[in-house]
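See structure below.
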Amino acid sequence: MAGTVGAQAFESVEVGQSSRSANPANIDALLDQMTLDEKIGQLVQRMGGRSKALNSRLGPDELEKVRRGEVGSYLHVAGAEPLRELQRVAVEESRLGIPLLFSMDVVHGYRTIFPVPLAMAASWDPDTAVRHARIAATEASAAGLHWTFAPMVDIARDPRWGRIVEGAGEDAFLGSRMAVAQVRGFQGSDLAAADTIIAGAKHFGAYGAAEGGRDYAGAEVGKRTMQEVYLAPFRAAAEADTASYMTAFNAVDGVPTTGNAALLRTMLRDEWGWEGLLLSDWRAVEELMAHGVAGSRSDAARLALEASVDMDMVADVYAADLKAAIDADPALVPLLDQAVRRILETKRTLGLFDDPYKYHDAARESRVILSDDHRAAARTAAQRSIVLLKNEGDVLPLAKDAQHIALIGALADDALSQLGSWRARGMAEDVVTLRAALEAAHPNVTFAPGADSRSDDASGIPAAIAAAQSSDLIVLALGEDFDWSGEARSRSSLELPGRQRELFEALAATGKPLVVVLMGGRPLAIPEIAEKADAVLQTWLLGIEAGPAIVATLFGENNPGGKLPASFPRTTGQVPVNYDFLPSGRPADPDLTKDTARYMDQPITPLYAFGHGLSYTDFAYGEPMLDRSEIAADGGALTISVDVTNSGARGGDEVVQLYMRDPVANVSRPVKQLRGFRRVALAPGETKRVSFTLTADQFALWGPSGGWVIEPGEIELMIGSASDDIRGRTSFTITGRGAGRIAPAAIETRTLVMETGQ
Ligand code: NOJ
């Protein structure tokens with residue numbers, strides 16, 4: 001690449017050899033030329049702006065830092081042209097001309113905003129997640145970006161934690177599939193292509209297990225749960241070659257992850273063999289002091305470097321204080337070199353040493369961003385993410401004619417909220433709200449806000465009641481606006497915020513048919529709605545095509561096929577209420593006269609279980625069929641198949657779910673664990689055979705002394721429509737003992753769908 005000093009530095013050592021080739025000698029030669037300050041500079045990620053004011057800090061002082069080689073990467077920057085200029089300064093005006101890495105939180109879309117990740121997980125459709133990530137990468141890369149801080153793969157079993165919205169919910173297997181899908185979508189098959197970006201799976205550790213659901217709080221997680229649940233999606237992302245991870249803010253068992261050498265250097269690097277770029281979260285290196293494990297900034301720098309954290313996000317601890325740590329302990333020098341090498345290797349993988357400007361094509365930027373195709377894909381994703389929680393008396397779908405609809409609820413008219421908490425370059429003006437879409441689709445709609453999710457203002461409720469009374473039917477949008485979920489948005493209560501409950505009760509009392517459209521980024525405790533509403537659609541925060549997707553579902557043009565990726569509790573005090581709990585010596589029993597593992601004042605079940613989701617049609621399941629009754633622990637495999645028939649009158653999608661249980665093992669095992677799923681589309685009367693092929697290592701457990709152990713004995717398999725709607729059971733035997741390689745939940749289950757011709 002003519003005119004780039006970095007590229008010249010490569011060519012001077014390996015004449016005629018492409019700098020993109022995987023020859024570490026090139027990186028080593030560049031390393032040899034670097035001063036200590038230039039090496040440390042590569043480890044520094046600075047903010048080019050704030051998430052809501054991108055590029056705003058890129059003034060003359062900042063450019064001077066780039067010229068001096070003091071920066072390796074920027075976050076919160078965007079735009080093909082401004083970033084070309086910034087890259088030009090790095091490549092043409094710094095001594096070694098090493099290109100910069102540009103990054104941003106592109107979590108569920110860049111400008112074309114898709115449903116929030118929890119919603120996309122509700123599609124139970126990894127292909128939807130691949131498409132979203134591919135489109136997000138296409139747009140982000142056209143805007144000059146190389147790197148996204150996504151997917152967020154933290155397992156969340158406590159919906160009080162506001163960041164549950166950013167991940168795939170409570171289950172490690174579903175979470176792993178969504179993690180892999182997004183890594184593949186962002187990274188594509190060639191990271192050097194101009195339309196792919198590196199994924200940044202986050203937040204490595206057990207961030208989702210924050211105590212009490214309070215963001216940033218420490219986690220107390222047993223070794224087995226850590227390996228089988230919290231780390232599984234990270235392992236799946238490693239198997240999919242995620243090029244980067246971000247460390248979690250919090251501590252596990254008292255050790256802050258950003259300084260946890262046992263977890264990061266020993267396990268992630270040495271045992272998993274992962275060699276990508278490890279980034280700290282925002283100021284997490286500095287926060288090692290607040291955690292109380294570092295007494296000074298140079299201590300914090302040493303701990304993070306020893307843990308193998310390559311890049312320091314915005315804290316400038318590496319920038320200002322790593323040198324002192326190295327002066328005090330020269331043993332850190334090789335660790336520094338490793339970190340620099342990994343960062344340079346990442347830049348090379350992106351092709352930046354060949355052509356540092358390949359991501360700065362303004363014509364492509366204006367062509368691809370928010371294209372019609374992207375918008376159409378966002379609508380499909382939104383439709384596939386909707387979950388029908390209840391449909392008493394088949395009140396849904398609505399007939400297109402005759403009814404006068406009262407559309408109530410401020411959320412129905414709230415464009416900004418549909419963009420969710422990470423909106424990248426998403427704009428409220430791009431959003432089609434439920435109100436706009438319903439008014440466009442139906443001639444008789446009266447809108448009244450009634451109440452919102454934020455204020456204590458109930459003054460709109462009487463007008464909402466009046467609108468309901470003069471209508472045939474109520475569509476009521478309730479839930480949480482975007483700012484109730486996301487980072488630092490934990491809640492102590494999972495009830496409807498504001499005066500919405502009052503609004504709901506008043507409308508339910510009118511006796512009109514009542515359809516609730518639930519919005520928001522977390523499961524809510526809504527027993528009153530479950531009891532009194534005729535129908536409930538969980539619509540999350542669906543992105544720019546939210547309104548059309550919901551309206552198509554209300555009128556039956558879209559038959560909802562989503563399923564819950566996280567259980568809905570009956571009350572806040574019931575959480576965590578995940579489906580894969582341990583049985584206890586006194587398993588929960590509905591009979592209150594028995595002393596069992598339950599609350600006295602609540603049923604033993606969640607309000608809506610993991611995997612729950614209804615349809616406008618019905619599905620009948622045949623008996624599960626196993627191709628064998630025994631497999632060897634050492635390399636055995638088996639296939640379980642089931643025929644699923646659409647027994648109703650409408651086409652629809654069913655998510656066929658496969659669960660396992662190991663009834664007797666060395667350690668107590670969960671009552672159910674998801675091990676396979678497949679979303680299938682079925683025409684009325686149609687039958688398809690769904691087959692899952694499982695290998696022995698998918699039944700392994702984290703053994704009492706560590707390592708993946710496959711034990712001999714019986715395994716039960718269950719197939720059904722939800723974790724609480726099992727339609728068929730069978731079992732088989734594992735013979736002998738074996739060892740697994742990775743977390744079973746991280747292993748993909750091979751799935752096949754066959755037309756049966758009926
Ligand atoms: C802090 C968040 O925890 C993380 O998810 C995000 O990527 C960074 N800020 C950068 O915005």
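Remember, it's 1-based here, ligands and their atoms both numbered in the order they're listed.
Qualifying ring pair (Phe, Tyr, Trp, His ring centres under 6.0 Å) partners for Tyr74, counting only residues two or more places apart in sequence or in other chains: none. Here Arg375 pairs with Glu545 under the salt bridge (charged side-chain N to carboxylate O under 4.0 Å, His left out) rule; sequence neighbours left out.
Trp161 does not carry Arg214 over the face of its six-membered ring by the limits of under 6.0 Å from the centre and within 45° of the normal. By the 6.0 Å and 45° rule, Arg489 does not stack over the aromatic ring of Phe482.
Applying the side chain to side chain contact (heavy atoms under 4.5 Å, CB included) test between Ser73 and each of Asp312, Leu101, Val44, Leu43 identifies Leu101 as the sole match.
The 4.0 Å heavy-atom shell around ligand 1 contains residues Leu75, His76, Asp105, Phe149, Arg163, Lys202, His203, Met246, Phe249, Asp281, Trp282, Met313, Trp422, Glu487, ordered by chain and number.
Every pair passing salt bridge (Lys or Arg N to Asp or Glu O under 4.0 Å) that includes a residue from residues 98-111 is listed here, sequence neighbours excluded: Asp105-Lys202, Arg111-Asp430.
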